[in-house]
Amino acid sequence: MKITQSLFVTLKEEPADAEVRSHALMVRAGFIQQIAAGVYVYGPLMWRVLRKIERIIREEHDKAGCQELLMPALQPRELWEESGRWERYVADKILYHFTDGRGREVCLGPTHEEVITKFVKGKLNSYKQLPQTLYQIQTKFRDEMRPRFGLMRGREFIMKDAYSFDADAEGMASSYAAMREVYRNIFSRCGVRFTPVEADPGAIGGAGSEEFMVDADTGEDAIAVCRTTGYAANVEKAVSRISAPPEPEAEVAMHKEPTPGAKSCEDLEALFPDLPIERMLKTILYRATWLDRAQVVAVLCRGDREINTIKLQNHLDCLAVELADEKTVKAATGAAVGFAGPIGLGEDVLLLADQSVEGVKGFLCGGNETDMHYLDVHFGRDLEQPSTQEFGVVQAGDTTVDGEGTIEITRGIEVGHIFQLGSKYSEAMDCRFADLEGKLQPFQMGCYGIGVSRTAAAAIEQGHDEAGMIWPLPIAPFHVMLIQMRAGDEAQDALAQELYDSLQEAGVEVLWDDRKGRPGGKFKDADLVGLPMRVVVGRDAAERKVEWKLRTDEEAEVISADEVLPRMIEALSQAGI
RNA sequence: CGGGGUGUACCUCAGUGGUAGAGGGGAAGCUUUGGGAGCUUCCAGUCGCGGGUUCGAAUCCCGUCACCCCGACCA
């Protein structure tokens, strides 16, 4: 492609509202343009990247025996009533839904479990037809409360979603395992560094799930990893062993003391410098809501630990958990926020405890009275120890559950998520097949997603420098930038044309900067767009000499024009293209 | 949804009540040609929208919409 014949427009200035590099660079390089919050045009160069990612996805899925199809984005409410998800998705305000011209309620699909289940119902009738995995690549719609970071979190985005159907749990597990390999292959081929992690299945439901995280410090997700044991989990899901609390020097009777203004552990540490934070117990009040009711929940937790509300929500099996507001706290404790404790809580408050409180003796806790705390409290002696669960957030330095290693916290961008759904949707939607004995059984399903547009953004987040993007060869919009220093110079025109033709003929994708411009601008644009290879046809064109440089190289090398093609073929074959 | 911020040319922004501005960009020309060169001329705006105050509003007031950030939330 010649630049003079294409829509190639770059900006010198950074967009003011771009917070992350991938967003800023994509806007500057003309890859995307925002149309509304979280809604973008994918320009010609961006679309080439997306199509390459899609192609890798298709090849790997097809190789694994999956079949591509295309489902509608527009979906009727009734379908979502069948699975029971309409209420939850509407309550979460994530669903784009509206009433059409004839009064029918519809939504724009945020995901397609309902449609796929409806589709296979009556088509997959026998165990003999199983297993099957179907997939599509399609635009998804989610009314994110806060779209951000360019393509990282949009309200409309391109996703690959796949669904597997098996006769039993073992079959599902093996479909799932196969898909895990497909995912590893896809992200490896895309040329991004990634970490598969254990994950919380969230609203999709089901038993097991794993996320594929592109390693990036700017990622929205925190990951707990252990270099020794290989453990890797999203912190939403991660579990760990924590250090034992220090023992009190002497057993003292419980007593209440004034702690004016001390609402946080920090305040209390200042007030009681001799009391280690591990012997302070926080009592955090939440408001949990179900479809038909709400409940105030108090969770005890060691002072140096945090509560993971996802684990709490899963334990309570409720729709939402949010921090209790001031009014609720006052009603439950009779005190201002910051003085809640397990002793003398309101009758209707459900008291739970994180496992971090186990073995803590002689601790401090809120007095349920403004400006008062209890000290030297002992479970068993002063109050009964509530049953404990793991509700805590894993922290750097914790020990892995097997005791073999230490946990670090890193960050990543979630580009893929795979789930073992089980029969959640097939049961709800009465989607069954006949087994060996002719009995009707619900399918065991799995579902598997890849954020296609997000993967492109993540690749930039991982590959860029001051000057611009640095694309991995397999998903770069073009393989090589051919820069001609002076358009109109006879020798350069001829050599550039010759190289352009021969490379194209060999299947190398060339972007030829044939503009009548000054060299500086061309170099800047080449760096910004970040094609992996660069060839400069300049002053030595008459001697058939050109400059060769990889985007990641510091210095260019002068080589014969005849060496260009072999070098590129070599680079492409190394990248598996 | 709570808190904060911003809306002025295609882009980045300046402009505290008195004729609408700069830089980038685009067009034309001269000079220049290995890391965003210089000069000249030109193009480009219902100052987000609606109301109000005023002789006069981009500027002050009220409302509204959009976008951005923090938080909550999130396959």
Side-chain angles (χ1 to χ4, degrees), chain A residues 9-20 23-24 27-28 30 33-39 85 88-89 91-95 109-113 140 142-150 152-155 157 159-163 199-206 209-212 220-221 234 236 286-287 289 309-310 313 319-326 414-421 424 446-451 454 466-468 483-489 492 515-528 534 536-541 546-547 549 556 558:
Chain A
V9 182
T10 58
L11 301 176
K12 283 186 184 173
E13 278 158 317
E14 288 273 306
D17 52 8
E19 289 294 308
V20 296
H23 185 196
V27 171
R28 270 194 64 202
Q33 183 174 322
Q34 184 173 40
I35 294 301
V39 178
R85 283 207 295 184
R88 173 160 186 173
Y89 273 67
D92 285 350
K93 294 199 173 71
I94 206 166
L95 196 66
T111 173
H112 282 70
E113 282 79 9
K140 293 282 187 282
R142 291 186 196 174
D143 192 1
E144 292 287 347
M145 287 180 192
R146 190 144 95 81
R148 61 188 131 174
F149 303 149
M152 289 295 176
R153 182 164 297 274
R155 295 190 295 166
F157 56 96
M159 176 173 242
K160 185 284 311 184
D161 46 325
Y163 306 88
D200 181 88
I204 293 287
S209 92
E210 281 167 89
E211 290 166 335
F212 289 77
E220 287 190 89
D221 288 280
N234 192 312
E236 292 175 353
Y286 293 95
R287 198 182 133 84
T289 47
T309 51
I310 297 197
Q313 181 174 346
L319 287 178
V321 166
E322 54 190 349
L323 269 180
D325 58 24
E326 212 169 310
E414 179 193 348
V415 290
H417 200 159
I418 59 178
F419 304 81
Q420 296 191 43
L421 289 176
K424 175 174 170 172
C447 78
Y448 316 91
I450 291 179
R454 188 187 274 183
E466 284 297 297
I483 300 182
Q484 183 179 347
M485 300 306 298
R486 292 188 65 159
D489 176 286
Q492 292 189 22
R515 293 176 295 184
K516 283 189 165 56
R518 293 175 60 87
K522 299 188 179 191
F523 286 128
K524 292 286 185 197
D525 276 344
D527 288 344
L528 176 62
R534 191 184 85 183
V536 178
V537 173
R539 49 175 99 104
D540 301 329
V546 300
E547 224 175 73
K549 179 180 162 317
V558 176

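Within every chain, numbering begins at 1; the chains are lettered A, B, ... in the order of the sequence lines, protein sequences first and strands thereafter. Worth saying up front: this structure is predicted, and the values here are computed from it rather than measured.
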Select one nucleotide: of [options], the one nearest the side-chain heavy atoms of [X].
X        : options             : value
A:Arg534 : B:C67, B:A75, B:G35 : B:G35
A:Met145 : B:C74, B:G36, B:A72 : B:A72
A:Arg486 : B:G34, B:U33, B:G35 : B:U33
A:Arg518 : B:G36, B:G71, B:U32 : B:U32

Using the [atom1] atoms only, state how far [M] lies from [N], rounded to an integer number of Å.
N     : M     : atom1 : result
B:G36 : B:G23 : C1'   : 14 Å
B:U16 : B:U59 : C1'   : 6 Å
B:C55 : B:C69 : C1'   : 42 Å
B:A57 : B:C61 : C1'   : 11 Å
B:G38 : B:U8  : P     : 27 Å
B:C68 : B:C60 : P     : 25 Å

Under 3.5 Å for both donor-acceptor distances, Watson-Crick or wobble: does [N] have a partner, and if so which one?
N     : answer
B:G7  : B:C65
B:C13 : B:G21
B:C42 : B:G26
B:U53 : none
B:A58 : none
B:G2  : B:C70
B:C47 : none

So, is A:Arg148 close to the B:C69 phosphate, meaning a side-chain N or O under 4.0 Å from OP1 or OP2?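 No, outside the criterion.
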
By nearest heavy atom, map A:Glu13 and A:Tyr448 onto RNA chain B; which one lands nearer the 5' end? A:Glu13

Are the charged groups of A:Arg148 and A:Glu220 less than 4.0 angstrom apart, N to O? yes

Is there a side-chain contact between A:Met145 and A:Asp92 in this structure, where contact means two heavy atoms from C-beta onward sitting under 4.5 Å apart? no

